[in-house]
Participant: 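Let me give you the structure first, and then I'll get to my questions.
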Amino acid sequence: MIKQLVENWRIQERRQIVSQRGLNVWPQDQPDDLEQIERIGAWLDSLGEPAVLEHPLRPLKMQVAKGFSARMAYYFAMGDYEEADLELIEKLVMPGDRVLECGGGAGITGSLAAMHSGNPVTIVEPNEVMHDIIRQNVRLNGQECQLIAAAVVADDFSGEMLTLRMQDEYWWSSVLDHGSGEPVETEVARISDLFDNIRPSVLVLDIEGAEVGLLPDKLPDDLRLIMVELHTPEIGDEATASVVNTIMGQGFRLCHVRSQTWVFERSV
């Protein structure tokens with residue numbers, strides 16, 4: 001069953017809002033959004049079998065079922081779920097790229113990366129609640145992925161396990177302790193081991209603040225593009241500058257900024 005959850009006029013209004021959105025801004029629930037999310041939540045609770053949502057702007061699909069996040073379903077149906085990342089992936093990922101995505105969400109950005117690269121995408125995601133969702137959505141979109149069930153960490157991380165803070169909105173879960181969320185232990189994957197094993201040409205990072213101190217002092221020569229969602233409101237301006245300087249100090253230049261996502265390409 002394919003379902004259109006929101007009216008076309010709402011989608012068009014949202015396009016205007018997105019076009020006027022500044023830096024370090026993501027969707028904020030307004031009263032009308034909350035009403036729509038509540039309505040969608042009731043619909044999800046009534047589902048006897050999974051349904052498929054179609055993205056209003058791109059050839060992407062998302063499978064939903066009872067218990068699925070009503071907020072995620074709503075923003076996907078509005079064309080405002082990870083919109084900055086989708087726009088940049090569509091623009092910048094090239095045929096033949098090998099994409100490593102750390103922080104897999106619902107598998108939608110990974111699906112689009114695989115479409116544009118023509119190669120299976122490697123997704124590193126510690127939240128086991130998302131694993132089946134990622135696999136289902138990548139498959140639904142006619143793509144393939146290698147899913148690594150781990151949290152990406154810096155090379156000097158000590159130990160083989162890490163605590164993930166599971167939020168009620170499970171797609172916002174993080175390894176950072178903000179004083180909320182249920183603690184769950186997860187395995188880790190060190191960033192340079194991932195680089196050595198996968199040899200990505202494109203790195204996508206959306207790891208809810210754990211980007212700080214993650215990247216090594218020597219990035220692989222094969223890496224041509226880095227897309228990183230910088231959570232400046234949470235990590236602060238100095239930590240943001242540190243991440244940017246680590247990348248730009250290794251021969252990359254800043255080429256795009258969309259919402260919280262910064263893109264760096266290797267200088268020729």
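Both backbone and side-chain heavy atoms feed into the values below; hydrogens, waters and symmetry mates do not. Model, not experiment: these values are computed from the prediction.
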Participant: Just wondering, more than 12 heavy atoms not from R199 lying within 6.0 Å of its CZ?
Facilitator: no
Participant: Same cluster or not: M248 versus I226, using hydrophobic residues (I, L, V, M, F, W, Y) connected whenever any side-chain heavy atoms lie under 4.5 Å apart?
Facilitator: yes
Participant: Using a distance-only test with no angle check, is there a side-chain donor-acceptor pair under 3.5 angstrom linking Q260 and T232?
Facilitator: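 Their side chains do not contain a donor-acceptor pair, so the 3.5 Å distance test is not met.
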Participant: Side-chain heavy atoms nearer than 4.5 Å, only ILVMFWY residues, links allowed to pass through others: does that put L57 and L60 together?
Facilitator: no
Participant: Looking at H131 and A149, what are the two nearest heavy atoms and their distance?
Facilitator: CE1-CB, 3.3 Å
Participant: Output, in order, the C-alpha distance, side-chain angles, deciding distance and verdict of salt bridge (charged side-chain N to carboxylate O under 4.0 Å, His left out) for D29 and R71.
Facilitator: CA-CA 9 Å; D29 295 338; R71 181 171 278 101; 2.7 Å; yes
Participant: Can you tell if the side chain of R224 reaches within under 4.5 Å of the side chain of D97, non-hydrogen atoms only?
Facilitator: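 Counting from C-beta outward, R224 and D97 do come under 4.5 Å.
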Participant: Indicate, with yes or no, if L230 and L254 share a hydrophobic cluster defined by side-chain heavy-atom contacts under 4.5 Å among Ile, Leu, Val, Met, Phe, Trp and Tyr.
Facilitator: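 Per the 4.5 Å side-chain linkage, L254 and L230 are co-clustered.
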Participant: Using the rule given for side-chain contact (heavy atoms from CB on, under 4.5 Å), can you reason through L223 versus R266, listing the C-alpha separation, both sets of side-chain angles and the distance that settles it, and then say yes or no?
Facilitator: CA-CA 8 Å; L223 193 61; R266 190 178 291 278; 4.1 Å; yes
Participant: At their closest point, which heavy atom of I123 faces which heavy atom of C145, and how far apart are they?
Facilitator: CD1-CB, 4.2 Å
Participant: Kindly write out the residues that satisfy ring-ring contact (aromatic ring centres under 6.0 Å, His included) with Y74, not counting sequence neighbours, or none if the list is empty.
Facilitator: none
Participant: Identify the two heavy atoms, one from I235 and one from E211, that lie closest to each other, and give their separation to 0.1 Å.
Facilitator: CD1-OE2, 3.7 Å
Participant: Evaluate the side-chain proximity of M62 to N137: yes if any heavy-atom separation is below 4.5 Å, no if none is.
Facilitator: yes
Participant: Go through it in stages, so that I can follow the logic: the residues are E83 and S259, the test is side-chain hydrogen bond (donor to acceptor under 3.5 Å, both in side chains), and I'd like the CA-CA distance, side-chain angles, deciding distance and then a yes or no.
Facilitator: CA-CA 9 Å; E83 172 56 23; S259 188; over 6 Å; no
Participant: Between F68 and L47, is there a side-chain heavy-atom distance shorter than 4.5 Å?
Facilitator: no
Participant: What heavy-atom pair brings A73 and V64 nearest, and what distance separates the two atoms?
Facilitator: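 Heavy-atom minimum between the residues: CB-CG1, 4.2 Å.
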Participant: Any salt bridge between R10 and E13, counting N to O under 4.0 Å?
Facilitator: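 No.
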Participant: Quick test of your reading of the model: are K218 and D221 salt-bridged, counting only N-O distances below 4.0 Å?
Facilitator: yes
Participant: To the closest 0.5 Å, what do you measure between CG (L219) and CZ (F252)?
Facilitator: 5.5 Å
Participant: Kindly indicate whether the side chain of R135, heavy atoms from C-beta on, has any atom under 4.5 Å from the side chain of D132.
Facilitator: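 R135 reaches D132 side chain to side chain.
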Participant: Do V257 and V243 share a hydrophobic cluster (ILVMFWY, side-chain heavy atoms under 4.5 Å, transitive)?
Facilitator: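 Shared cluster, yes.
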Participant: Given side chains that start at C-beta, do those of N119 and V99 come closer than 4.5 Å, heavy atoms only?
Facilitator: no
Participant: Would you call C102 and L203 a side-chain contact if the rule is heavy atoms closer than 4.5 Å?
Facilitator: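 Answer yes - side chains close enough.
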Participant: Just checking E7: does its CD atom have more than 12 heavy atoms from other residues, nucleotides or ligands closer to it than 6.0 angstrom?
Facilitator: yes
Participant: Passes side-chain contact (heavy atoms from CB on, under 4.5 Å), C255 versus R253? Steps please.
Facilitator: CA-CA 6 Å; C255 59; R253 71 176 189 92; 4.0 Å; yes
Participant: Would you say the side chain of E125 lies within less than 4.5 Å of the side chain of I134, judging by non-hydrogen atoms?
Facilitator: yes
Participant: Looking at every non-hydrogen atom in both residues, tell me the closest pair between V212 and A239 and how far apart they are.
Facilitator: CG2-CB, 3.9 Å
Participant: I'd like to know whether E35 forms a side-chain contact (heavy atoms from CB on, under 4.5 Å) with E38, so could you lay out the CA-CA distance, the side-chain angles of the two residues, the decisive distance to 0.1 Å, and finally the verdict.
Facilitator: CA-CA 5 Å; E35 290 179 10; E38 183 177 0; 5.6 Å; no
Participant: Is it true that the side chains of T163 and E185 contain a donor and an acceptor less than 3.5 Å apart?
Facilitator: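 Indeed, the side chains of T163 and E185 share at least one donor-acceptor pair under 3.5 Å.
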Participant: With rounding to the nearest 0.5 Å, note down the distance linking CD in Q143 to OG in S111.
Facilitator: 6.5 Å
Participant: Is the CG atom of D196 crowded by more than 12 outside heavy atoms at less than 6.0 Å?
Facilitator: yes
Participant: Working to the nearest 0.5 angstrom, can you tell me the gap between Q30 CD and I37 CD1?
Facilitator: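 The distance works out to 10.5 Å.
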Participant: Show every donor-acceptor pair shorter than 3.5 Å between a side-chain atom in residues 151-162 and any protein atom, with sequence neighbours excluded, or say none if there are none.
Facilitator:
unit_1: D155; atom_1: OD1; unit_2: S192; atom_2: N; d: 3.0
unit_1: D155; atom_1: OD1; unit_2: S192; atom_2: OG; d: 3.2
unit_1: D155; atom_1: OD2; unit_2: S192; atom_2: OG; d: 2.5

Participant: Any chance you could measure T122, atom OG1, to N197, atom CG, to the nearest 0.5 Å?
Facilitator: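 These two atoms lie 9.5 Å from each other.
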Participant: State plainly whether the residues E90 and R58 are in salt-bridge range, i.e. N to O under 4.0 Å.
Facilitator: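 Salt bridge: yes.
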Participant: Donor-acceptor pair, S117 side chain versus A113 backbone, under 3.5 Å?
Facilitator: yes
Participant: Can you sort out the partners of H116 under ring-ring contact (aromatic ring centres under 6.0 Å, His included), two or more places apart, ordered by chain and number?
Facilitator: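 In terms of ring-ring contact (aromatic ring centres under 6.0 Å, His included), with neighbours along the sequence ignored, H116 is linked to no residue.
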Participant: Distance check, rounded to the nearest 0.5 Å: L88 atom CG versus H256 atom NE2?
Facilitator: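 That separation rounds to 7.0 Å.
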Participant: Give a yes-or-no answer on whether the side chains of T261 and D85 include a donor-acceptor pair shorter than 3.5 Å.
Facilitator: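 Checked: T261/D85 side chains pair up, N/O donor to acceptor below 3.5 Å.
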Participant: Under the side-chain contact (heavy atoms from CB on, under 4.5 Å) rule, what do L100 and V124 come out as? Steps first, then yes or no, please.
Facilitator: CA-CA 8 Å; L100 169 61; V124 183; 3.8 Å; yes
Participant: Do I207 and H231 come close enough that some side-chain heavy atom pair is under 4.5 Å?
Facilitator: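 No, side chains not in contact.
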Participant: Distance alone, cut at 3.5 Å: any donor-acceptor contact between the side chains of Q36 and R39?
Facilitator: yes
Participant: Looking at every heavy atom in both Y81 and A106, which two are closest together, and how far apart are they?
Facilitator: OH-N, 3.2 Å
Participant: Rounded to the nearest 0.5 Å, what separation is found between the CG atom of L92 and the CD atom of E87?
Facilitator: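 Spacing of CG (L92) from CD (E87) equals 9.0 Å.
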